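Counting convention: from 1, in listed order, for ligands and their atoms alike. Because the structure is predicted, anything quoted here is derived from the model rather than measured.
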Amino acid sequence: MSNFDTLANEWDNNPRRTKLAKKAVVEIKKNIKLNKNMNVLDYGTGTGLILLGLQLDVKFITGMDNSQGMLNVLQQKLDNAKITNVKLKNHDIDKEQLPENKYDLITINMALHHIEDINNFTKKAYKSLKKGGYISITDLVTEDGTFHSNNDGVKYFGFNIKKLATILEKNKLNIKYHYIYNEIEKLEINKKFPIFILIAKK
Ligand SMILES: C[S@@+](CC[C@H](N)C(=O)[O-])C[C@H]1O[C@@H](n2cnc3c(N)ncnc32)[C@H](O)[C@@H]1O
């Protein structure tokens, strides 16, 4: 059982989290013109806070995550709302391949810092995108290890955006934009954590 399985039922009860995801959805839509022909993958989808924000604007979204607990919570939401253009898959990017040449857009929100090998993720994402497809990464800028109260399963303390962009470029993705669009304030530790968006194109 992963840490996320344990957190799944309470995940959406944290307003800081839901607000963060809403802002990410706004930023993704600002940068990428969504349309009803698009086939989208939301990677590390969790309880679907990003997926559900995009679902109405595209043809089909697959949500992948390696926490069955998170996927169960999301499946319940999909069932309750009778949403039919979404499919969920238990998938571990550190161990499994992605389908090739399939997606017009891949989104990954606050999940990249939990993934073991960023180069490997990027390679797989590249193969999985159709030509002209986009990837949107929204995540923490390099932090000092205090963002999470428990760092189990945290593989990166955020990212140096330029270094991350270089990894994507090495894997043949063309960087379109990257900038900081948000900040999470943790009053309890008196710190602010900037959040970036990076958009690249195949
Ligand atoms: C911080 S949560 C973010 C969830 C969601 N994207 C959101 O914005 O609310 C990170 C998610 O990444 C998933 N994850 C972590 N490592 C993974 C891996 N190796 N393969 C697939 N999913 C992974 C976790 O299970 C978790 O649901």
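- Atom numbering of ligand 1 starts at 1 in the shown order; those under 4.0 Å from a heavy atom of Y43 are 20 (N), 21 (C), 22 (N).
- If you number the atoms of ligand 1 from 1 as listed, the ones under 4.0 Å from a heavy atom of H91 come out as 20 (N), 21 (C).
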Between N13 and E10, is a side-chain hydrogen bond (donor to acceptor under 3.5 Å, both in side chains) present by the stated rule, with each step listed?
CA-CA 5 Å; N13 295 340; E10 296 302 319; 2.8 Å; yes
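- The nearest protein atom to atom 7 (C) of ligand 1, hydrogens excluded, is given as N109 ND2, 3.9 Å; this is a heavy-atom distance.
- Taking 4.5 Å as the limit, every side-chain heavy atom of N109 sits out of range of all side-chain heavy atoms of D139.
- The hydrophobic cluster containing I197 also contains L34, counting ILVMFWY residues as joined when their side-chain heavy atoms lie under 4.5 angstrom apart, directly or transitively.
- Across the listed options D65, L7, L20, D65 owns the non-hydrogen atom lying nearest to atom 25 (O) of ligand 1.
- Remark: minimum distance from atom 1 (C) of ligand 1 to any protein heavy atom is reached at M110 O, 3.1 Å.
- Using a 4.0 Å cut-off to heavy atoms of D92, the atoms of ligand 1 that qualify are 18 (C), 19 (N), 20 (N).
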Show which side-chain atoms of residues 38-55 pair as donor or acceptor with protein atoms under 3.5 Å away, not counting sequence neighbours.
residue : atom : partner : partner atom : Å
N39     : ND2  : K102    : O            : 3.2
D42     : OD1  : T107    : OG1          : 2.7
D42     : OD2  : T45     : OG1          : 2.7
Y43     : OH   : H91     : O            : 3.1
Y43     : OH   : H91     : ND1          : 2.7
Y43     : OH   : I93     : N            : 2.9
T47     : OG1  : D12     : OD1          : 2.6
Q55     : NE2  : N85     : OD1          : 3.2

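- Between L20 and M110, some side-chain heavy-atom pair lies under the 4.5 Å cut-off.
- Annotation: cation-pi geometry satisfied between K202 and Y126 (NZ/CZ under 6.0 angstrom from ring centroid, within 45° of ring axis).
- The shortest N/O to N/O separation between H113 and ligand 1 does not fall below 3.5 Å.
- An N or O contact shorter than 3.5 Å links G44 to ligand 1 by distance.
- Checked by distance only, ligand 1 and D42 stay at 3.5 Å or farther apart across all their nitrogen or oxygen atoms.
- Taking the charged nitrogens against the carboxylate oxygens, K19 and E185 have no contact shorter than 4.0 Å, which rules out a salt bridge.
- Residue, atom and distance of the protein heavy atom nearest to atom 12 (O) of ligand 1 are A111 CB, 3.5 Å.
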Please report, to 0.1 Å, the donor-acceptor pairs under 3.5 Å made by any side chain of residues 173-180, with sequence neighbours excluded.
residue : atom : partner : partner atom : Å
Y179    : OH   : E27     : OE2          : 2.6
Y179    : OH   : N31     : ND2          : 2.8

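- Ion pairing of D144 with K191 is present here, as a side-chain N (NZ or NE/NH1/NH2) and a carboxylate O approach within less than 4.0 Å.
- Those atoms of ligand 1 that come under 4.0 Å of a heavy atom in I93, given as number and element, are 19 (N), 20 (N).
- Interface of G46 with ligand 1, defined as ligand atoms under 4.0 Å from a residue heavy atom, comprises 4 (C), 27 (O).
- At distances below 3.5 Å, at least one donor-acceptor pair connects side-chain atoms of H114 with backbone N or O atoms of G153.
- Among protein heavy atoms, atom 9 (O) of ligand 1 sits closest to W11 NE1, 3.3 Å.
- Nearest protein heavy-atom neighbour of atom 23 (C) of ligand 1: N66 OD1, 3.1 Å.
- Ligand-side atoms of ligand 1 in range of M70: 27 (O), range being under 4.0 angstrom from any heavy atom.
- Nearest protein neighbour of atom 15 (C) of ligand 1, counting heavy atoms only, is H114 CB, 3.6 Å.
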